[in-house]
Protein chains: 2
Amino acid sequence: MGNQMTEMLKGTLEGIVLAILEARPAYGYEITAQLRDEGFTDLAEGTVYALLVRVEQRGFVDVTKVPSEKGPPRKVYTLNAAGTAQLAEFWTTWTFLSGRIEHLRADRTSTHQQTEGDD
Amino acid sequence: MGNQMTEMLKGTLEGIVLAILEARPAYGYEITAQLRDEGFTDLAEGTVYALLVRVEQRGFVDVTKVPSEKGPPRKVYTLNAAGTAQLAEFWTTWTFLSGRIEHLRADRTSTHQQTEGDD
DNA sequence: ACCGGTACCTAGCGTTACGTTGTACCGGTA
DNA sequence: TACCGGTACAACGTAACGCTAGGTACCGGT
């Protein structure tokens with residue numbers, strides 16, 4: 001199915017996760033569950049963990065281990081200053097790209113008939 | 001620079017090019033120039049050609065060779081039925097993803113960590 | 001003792017955009 | 001003639017990212 005979605009998530013999933021962490025700290029299993037609950041039903045669990053490892057290594061998040069009554073200890077990720085900056089960059093890039101694409105979609109609705117502005 | 005943009009283009013650039021071709025047939029060099037003109041200044045020329053080869057092999061476009069007075073013959077790409085269907089799928093995926101991300105941005109603006117209905 | 005839910009992690013794979021380089025055609029200029 | 005820059009296409013290797021498909025470990029209920 002979502003082969004299209006798979007490719008489209010590249011580059012955006014990191015921003016999505018950082019945005020989630022900006023709202024409140026969370027751990028991997030929780031983030032995966034939340035995203036699946038919000039429509040990303042095919043999201044692989046391993047994808048989120050790999051992403052979290054990446055953003056941790058880049059210094060965008062701080063990590064705290066919190067014991068759980070239900071299983072192994074949770075690794076709770078908190079967005080730090082560098083992560084906030086990265087997230088801001090994400091929004092900038094997203095806004096530009098989104099604007100370009102929506103512009104294409106708007107063109108689509110009004111570009112029906114004749115030839116204009118050919119060269 | 002646009003490392004962020006590079007990753008975000010994965011999965012979206014194909015849809016962007018298909019949308020351009022929906023408006024009117026075009027050839028590689030022209031598409032690259034148009035995209036650069038519209039803000040994708042760092043877009044590599046080779047990227048567009050590789051993408052066009054891909055969509056051609058998948059049968060989303062028809063190709064016609066047209067002689068040029070300025071250089072080698074142009075390969076003009078025209079969106080066909082399969083391409084139109086693929087483009088429709090792109091818009092579906094994009095609309096969903098865009099909606100989710102904009103939802104996250106909307107949440108960001110109301111940063112009271114008070115519990116309120118977020119949906 | 002077993003199973004399912006919780007919670008984490010990893011190796012290899014396929015796809016995609018980039019960097020770089022090369023080919024070929026043409027008109028203008030020294 | 002010889003060279004250069006703009007036009008136009010193509011190929012090769014690299015890096016990044018999400019997915020597949022596993023595995024480890026803790027816990028309570030049957």
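Sequence lines set the chain letters: A, B, ... in the order given, protein chains first and strands last, and positions in each chain run from 1.
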Mate of dT30(D) where both pairing distances stay under 3.5 Å, Watson-Crick or G-U: dA1(C)

Base paired to dA30(C) (Watson-Crick or G-U; both N/O distances under 3.5 angstrom): dT1(D)

G15(A) versus L87(A), closest heavy-atom pair with distance: O-CD1, 3.7 Å

Touch class at under 4.0 angstrom, heavy-atom based, for E30(A) against every strand present: nothing

Sugar-phosphate only, base, or nothing, as touched by G46(A) at under 4.0 Å among non-hydrogen atoms: base

First encountered from the 5' end of DNA chain D, between E14(A) and E69(A): E14(A)

Closest-nucleotide ordering on DNA chain D, the 5'-leading residue of R58(A) and P72(A): R58(A)

Separation between NZ of K10(B) and OG1 of T6(A), rounded to the nearest 0.5 Å: 13.5 Å

Gap separating the CG atom of L35(B) from the OG1 atom of T41(B), nearest 0.5 angstrom: 11.0 Å

Check the distance between [N]'s [atom2] and [X]'s [atom1] and give it to me in whole angstrom.
X	N	atom1	atom2	answer
Q34(A)	dT6(C)	CD	C1'	17 Å
K70(B)	dG6(D)	NZ	C1'	8 Å
R74(A)	dA25(D)	CZ	C1'	15 Å
L9(A)	dC19(D)	CG	C1'	11 Å
E7(B)	dG18(D)	CD	C1'	10 Å
E45(B)	dC9(D)	CD	P	8 Å
L43(B)	dA17(C)	CG	P	9 Å
L51(A)	dC9(C)	CG	C1'	14 Å

F40(A)-F96(B) aromatic ring centre distance below 6.0 Å: yes

salt_bridge(K75(B), E56(B)) N-O dist < 4.0 Å: yes

Within the pair [X] and [N], is there a side-chain N or O less than 4.0 Å away from OP1 or OP2?
X	N	value
Y49(B)	dA10(D)	no
T47(A)	dC19(D)	yes
S68(B)	dT7(D)	no
Y27(B)	dA8(D)	yes
K75(A)	dC9(C)	yes
R54(A)	dT10(C)	no
Y29(A)	dC8(C)	no

side-chain contact (heavy atoms from CB on, under 4.5 Å) between E14(A) and E7(B), intermediate numbers included: CA-CA 10 Å; E14(A) 181 182 303; E7(B) 291 307 321; over 6 Å; no

Base dT15(C) paired with K10(B) side chain (donor-acceptor, <3.5 Å): no

